[in-house]
Each structure stands twice: as structure tokens, then as C-alpha cells.
S.K.: 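My questions will all concern the structure given below.
Naming: A, B, ... by sequence-line order, numbering from 1 per chain. Given the structure is predicted, the values throughout are model-derived calculations rather than measurements.
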Amino acid sequence: MRWLTLYVRSRRVPTAGAVLLAATLAFWVINVLADPSQRIMFGAFAAVLSASAAAVSLGSDDPDLDRTAAIAWLSRRAAHVLAVGVASGLLLLLTQISDHPLGTVESAIRGVAGMTGLAALGATFFGAQLGWLLPTAQAVVALGAQIGGAKESTLTHVLAWPFQPDGTTAATVTAVVLALAGLLVHAVYGSKRVRTRQ
Amino acid sequence: MSARVLGIELRRSVALLAGAVIVAAGLAVAFMMFQKDTSLGQWTAYAGLMRYLLEILCPLAIGAGAWQGRRERRSGMTELTATVSRPAWQRVLPVSGAMAITVVVGYAVVFVAGVVQVAGNTTYQHLGWLPIPLVGALALIASGWLGLGIGTLLPSAITAPVLVAGSLMGLIALRVLVGGKAALLSPELGGVLSDHFVAPAPRVTIAQVIWFAALAVTGIVLATGIGRRRLFALLPVALGLAVALPLLPATREATYVADPGAAEPVCTADLPRVCVGKAHANALQPLVGPAREALRLLAPLPGAPTSVAENTRDTYMTSQVKPQPSDVLLVSLPTYWLDNRSRLSMTEEEALSELLLGAGTTPCVRYHEDPNPAELEQYRRELDARHLAAGLLLGKPLRTFGSEDKAMWPALQALSPEEKHRRLGALRTAGLSCSGDLMEILTGSGAR
């Protein structure tokens, strides 16, 4: 238990968790105004924000010190990514109880899975503090493809996967691939080593 | 501020990266938009599209600013810089200046990408569109500085991502959920512009300049202020809102006003005259044939039109001007009938049937989004009558006939030529002034 407490604190989990909670709540409040056709988009943005906030918790301030510990990091990192996904997914799915759910059940799970995978990839490549770059870039690409792309092309379904309606195979496949890639790559390599405090 | 410090900040701060991100994201999204949009055809529409882009670029600028804002805290310099006996603005000015320069240059690069095409496509060369990208650049500066201010206030690693995702969502919510007046506080300018004969209302431009300048000042106050002095940052926001909101028009439609330059008629030299707006001059040549054919077919009717002119005031015929003059046949050329160079993308046959709809009158029932079933029925009924009238004039059914039209066509086609002309004439008179039900007049079932 003591190990977990220290781990949680060293990863800024309280901050990330608070932001996660506040962001989901804020999106849900905005969502009350939305009509049902827009909910998937709002849910997708909530997933982007959750993953971006949670990405900060994927690394500590002193990764070099972490690595000196002779413990099985691989399973712990995998567990951390999974925990991030489950926590933000549950929060998002909690809104399904209300009259104004953030997206559908399928789109919420898809969005959280894909975005968490992207955040884990981002943390691996750029460091935990910049893990949000990939989910944010995905949101921008998706918006652009949604505005400019042909509605029914597979390319649009892949690029703008967060905004696709339920049952779009290409979008689901993309999200699953991103989730698995993020989980695996992060578990094996961990966040890029960037020292943030001297 | 010395140029040397500015140079160092340009190289060492996040400014260059911010500019690069804006160029990359801007070009990528703009390229995707160019694929299916005809906005590359006109200056104002193109500038408007580039403003639409800001809905994505401004959040990125906010994020870059926020990331920059936590630099001193990240490197443990806060206390050291606080001891320097110089005003805080001297420290903030170089870094904010560098950011302003790179985001504006980035936006200019994205804007220039389509400029050559627009210049080659349009027949209406002018500079009236210039305020649109200038206000856009100001909005980008304001975003960067606001991010800088918030990042200084809350120097956490989470600030930047939360601001990016939050403002991306916020700007979309402002457009699709809030709408109305407040939507114009967003850097975008009423979505994709599909009317080629309008320009932004000057009051919108003025209000947006005031609003974005206020936001920029807020960012700087946040970045320079210490302790409670930061509360002053609320002052420019409040002032900006207080001045800008009353200036902004109440509805989305009023964002744009008529642009007389674009609508200036370009006509054929010989009679019967056919005219289009200057912005659509490329459409004149292909339009002349069908237009004169339409005049010939309408000639036997009482009060027949003698010339054709483009409907530049109301391209989508949403606010019918009635009674309509009988001597001019109005034709609308919305963007979906034009290509990038504003040439007709429909066949001459389609153009002819379009000109003959309602025996050469504009519709009376105003179509709007989200109609109730009764309105929809009324609209469909009028549309059917208008199509049948065009079919009768052409002497053959249109390809655009609905099932209702097809069912009624044989009976109408079987009428004697005199009766057809009498009914078409009555329909035309009714259509010009919007009196009576067109379908009843056409089928002869109305009381007379």
C-alpha cells in the first residue's frame, strides 16, 4: 500500500485525476445543450482531454531514478496505462446514466481506448509531460478530415475515427490498433527520459 | 526592447515551434478543405474559409503560449527573475513579441498558399477582403498571449493540453450550441461562406478587433502581473465584452452585408440582355444560350420577361423580395452550380429548366432549416407546381420531377395549348406577387 501511495504521488495522479474529473464534468455540462447528433463529437473531445490530462501521470519527474529500481516495470507500466483507460472510460460511461450522455457506449469506449493509446505513445516518444501532443494532434487531424474529407471514404473514417457513428468498422479498428500499440510500446519502453526538476 | 533579446527569444522560446505547428496544421486542414470547397473561387469566400481554419489554429496558439508560460517555473527561475529591478513587461515583451511574429508569419504562409489560385480564378479582383485575415492574425496573437498569461498563472504541465482540448471544444460549442451574437466572439466568421455577393459588416470587424485586442491585453496583464494585480486582467475582458457585444449583429445572417462591387452587373452587349454579377462573370457566356431560350419560351405569356439577370441579392432565395418585377427573369447561381472558376457546372438543359421554374418566378414559400410538417408540405406543393410549370413550357417532363409531378403530368400535358398558356400566365402572375396557391392554379381546381 505504501508503495502505491508513493507511486501515485510521484506520478502526479491526484492532479491528473482532479483535472480528469473536472474536465468530464465540464464537458457533460456543455453537452446538456447539445442535440443527440453532436454527442459523439463532444464525447470524443472529452476523451481527448481525459487522455491528455492522464498522460502527465505516465512518467515521474526523475525517470533515471525510477530506472535504478530493480522491479518489474513492464507489468506496472501496462497496469498504469490500463488504469488510466479504465478510469477515464468509467467516468465517461457514467454520463450514460443521465439524459445527456457524452457519446454512445460504443463511441465512448472507442474514444477512450484510442486516445489513451495515443497518450501512451506520446509519452513514450516525447516524455510524459508532452504525452498530450498525440491526442491533441489526432483531434486536429480528425477535425480537419471531418470538415474537408469525403464523408464516406475509408480514409476519412480512419483519420476522423473519433467522430464516426457507431458501427464504423474502420474507425473501431483504428482505435483498437492505437490502444494496443500504445499499451505495448509504453509497457516495453516507458516514457522518454526527460528530467524536469534539477 | 532590444532586437538582440527578441532574436534570442525567437530562437530559444517555443515561438518558432508554434509558427511551424500553425503552418503544418493550417496547410493540412486547408488542403483537405480545398478538395471539396469552391471557396478558392472568390477573395471574400477564401478569406472567410481561412478564418474558419482559426477554429483549429487558435487553440494550438493558446497551447503553445501556455507551454511557454511555464518556462520560468520549470527551470526554477521565478524567484530569480522577481529580484531583477526592472518592470515585468520588459521581461514579457520579447517573448510575447516573438510569439506574435511567428504565429502571424505562420498564418500568412497558410493564407498565401491559396492566393495564387484565387487570383487566377476570380473575375472580381479587389482588396475589400483584407480586414478578414488581419482580424484573424490579431485573433491568433490574442490566443498566443492569452495562453502565455494563463500558463504563467498556472504553470503546470497539464495546463497546455487542457487549454488546447478545452478551447477546441469551446470554440465549436460556441458555434454550434450558443450561436447568435456570442458566436461572433469566436475567430471564425460564420462558417463556410457560400454567397459570393457579400462582405463582412464593418461593425462585425470593429467589434472583433476590440474583442481580440482586449483578450491580448488580458494575456499580457496575466503574464506580467504578480499576486493580486492579476485581477486587473478581468478588466480588459469585461470592457471588451461590454463594447463588442452591443456592436455585434443579433443574427448570424447579419454578419455579412451586400457587397455592391461583387454584384455590379456584367451584361451581354446585344439584346435580349443577360446579366450576371461581376463575381460570376465567367458564368455569363454559358448562361446566354439557355437564358435567351427561356425568354423565347416565356414570350407568349402575358407580362413576359424581356431580360435575364442574376439574383445577386438573395442567391439562396431565403428572403423573397415580392412583388417581383415582371420584366426581368431572375436566376440564382449558388455555389453548387458553379465550379472553382465560377463557371456553370450544370448542363445547358439543366440551366434552362432552372430558369423556367414557376414560369420564371422566384419561390414564395420560404424554405428554412428544421421546417415543421405543415411547412414542408406547403414547400413541396409549391416546388411541384414550379417544376410542372417548367415542364409545360419545355413541352416535356423534367428529370427533377417528383412522384407527384409524374402522376399529374399526363393530364396537364393533354390540355389544349390555349388552356396551358392561360394557366401558365395565371401561375406566373400569382408567382410574381405570391397571391394564391400555384398548384391550384395549375390544376384548375381553384375557385375562379
S.K.: With only heavy atoms counted, which part of B:Leu53 is less than 4.5 Å from chain A, the side chain, the backbone, both or neither?
M.R.: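 It is neither, since no heavy atom gets under 4.5 Å.
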S.K.: Which atoms of B:Val176 come close to chain A, meaning under 4.5 Å heavy atom to heavy atom: side chain ones, backbone ones, both, or neither?
M.R.: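 Both backbone and side chain.
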S.K.: Sort B:Leu57 into side chain, backbone, both or neither according to what part of it lies under 4.5 angstrom from a heavy atom of chain A.
M.R.: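 B:Leu57 has no heavy atom closer than 4.5 Å to chain A.
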S.K.: With a 4.5 angstrom heavy-atom cut-off, which part of B:Val162 approaches chain A: side chain, backbone, both or neither?
M.R.: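 The answer is both parts of B:Val162.
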S.K.: Which label fits B:Phe111 and B:Trp129: parallel for a plane angle under 30°, tilted from 30 to 60°, or perpendicular past 60°?
M.R.: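 Parallel: the ring planes of B:Phe111 and B:Trp129 meet at under 30°.
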S.K.: Could you tell me whether the side chain of A:Leu20 reaches within less than 4.5 Å of the side chain of A:Leu91, counting heavy atoms only?
M.R.: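 Of all side-chain heavy-atom pairs linking A:Leu20 with A:Leu91, at least one is under 4.5 Å.
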S.K.: Just wondering, do A:Phe45 and A:Met115 contact through their side chains at under 4.5 Å, heavy atoms?
M.R.: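 No, side chains not in contact.
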S.K.: Mind ranking B:Ile56, B:Ile158, B:Ile172, B:Val21 by heavy-atom pairs under 4.5 Å with chain A and telling me who comes out on top?
M.R.: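 Counting heavy-atom pairs under 4.5 Å, the top option is B:Ile158.
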S.K.: Do you see a donor-acceptor pair shorter than 3.5 Å between the side chains of B:Arg70 and A:Gln129?
M.R.: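 A pair is found: one side chain offers a donor N or O, the other an acceptor, under 3.5 Å apart.
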S.K.: side-chain contact (heavy atoms from CB on, under 4.5 Å), that's the test. Do B:Glu55 and B:Val29 meet it? Break it down for me.
M.R.: CA-CA 11 Å; B:Glu55 207 173 88; B:Val29 178; over 6 Å; no
S.K.: Using a 4.5 angstrom heavy-atom cutoff, name the option from A:Val140, A:Ile30, A:Thr136 with the most pairs to chain B.
M.R.: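 Ranked by contacts with chain B, first place is A:Val140.
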S.K.: Considering only heavy atoms and a distance below 4.5 Å, find which of A:Leu49, A:Thr15, A:Val19 pairs most often with chain B.
M.R.: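 Option with the top pair count is A:Leu49.
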S.K.: Can you tell me which portion of A:Phe42 sits under 4.5 Å from chain B's heavy atoms? Options are side chain, backbone, both or neither.
M.R.: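 For A:Phe42, heavy atoms of backbone and side chain both lie under 4.5 Å from chain B.
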S.K.: Start with the C-alpha gap between B:Gln42 and B:Ser342, add the side-chain angles, then the distance that decides, and say whether side-chain hydrogen bond (donor to acceptor under 3.5 Å, both in side chains) holds.
M.R.: CA-CA 9 Å; B:Gln42 304 290 343; B:Ser342 297; 2.9 Å; yes
S.K.: So, the side chain of B:Arg51 versus the backbone of B:Ile132: is there a donor-acceptor pair under 3.5 Å, distance only?
M.R.: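 Yes; at least one donor-acceptor contact below 3.5 Å.
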S.K.: Report which part of A:Ala23 has an atom under 4.5 Å of a heavy atom belonging to chain B: side chain, backbone, both, or neither.
M.R.: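 Nothing of A:Ala23, per the 4.5 Å heavy-atom cut-off to chain B.
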